[in-house]
Amino acid sequence: MGDGVGKELEKIGDGEPVQPRAELVIVLAQQGVGRNEISRRTGIPAVTVSRIAAAEGLKFDRAKMERPLKARIADLKLAQAGIAEGLQEDVTFARVLLRTARTHRDYAFAAKAISDLTQSVQRMTPEITSAETLEDAKDFLTDLKQGLGEFRDHMVKTGQWDEQGNEIKQEEQSDES
C-alpha cells in the first residue's frame, strides 16, 4: 500500500476530510457501484478500492450489485444492437455497389464486403433468450410492485389516501382541520 493510500485511509478513520480519490470511491460504493466497476472507472486498483471502502465500513454485497450489473449488461446489449443496425445499413449500401459494379474487381470487392458485413451483423446482433425476457419481466414487475408500495405509503403518510389506498376527499380533510 502506497503512502498516499495510507494517508487517505487514516483520514477516513479520523473523520477528517478525505482525499478526492478516496471520496470518489466512497460515493460510488454508496451508490451501489461494484468494486471492479469503481476500479475500472477511476483507475484505482480493486484492492485499494476494497481497503478504502472497508475503512469507511462499506461492503460490496453481491446482491446489491446485481441490479446495476443487469442494467449495465442491458445497456451493452442495446449498444451492440445499435452497432448491428448500422452494419445492416452498410450491407444495404454494399448491395447497391454490387448491383452497379462495372468491373470484375468492383464486383468482387462488393461481394466480399457483403459477406464480411453480413457475418459481422450476425455476430453483433444480441441474442435474447426467452429466459432472459422472462427474467426481465419478473424484475420489472418486482420493481413496479415495490415502487407502487412506496407510492401508496407516501400517499397514506401525507394524508391523501386512507390505509386501504382510497383517496381521501378534500371535504373530509377540511372537516378534520
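Residues: numbered from 1 along the sequence shown.
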Within a reach of under 6.0 Å around CD of E85, are more than 12 heavy atoms found that belong to other residues, nucleotides or ligands? no
Compare all side-chain heavy atoms of L141 with those of K145 and state whether any distance is below 4.5 angstrom. no
What are the two closest heavy atoms between S39 and I44, and how far apart are they? OG-O, 2.6 Å
Are the charged groups of R102 and D106 less than 4.0 angstrom apart, N to O? no
Considering non-hydrogen atoms only, spot the tightest contact between V121 and A84 and give its length. CG2-O, 4.0 Å
Path from V91 to I83 over hydrophobic side-chain contacts below 4.5 Å: yes
Residue pair Q146 / E150, side-chain donor-acceptor N/O under 3.5 Å: yes
Check: S120 and L87 side chains under 4.5 Å, non-hydrogen atoms: yes
Side chains of R40 and N36: closer than 4.5 Å at any heavy-atom pair? no
Side chain to side chain contact (heavy atoms under 4.5 Å, CB included) partner of R21, the single match among I26, V49, T48: T48
Contact between N166 and W161 at the side-chain level, heavy atoms closer than 4.5 Å - yes or no? no
Are side-chain heavy atoms of V25 and L58 found at a separation under 4.5 Å? no
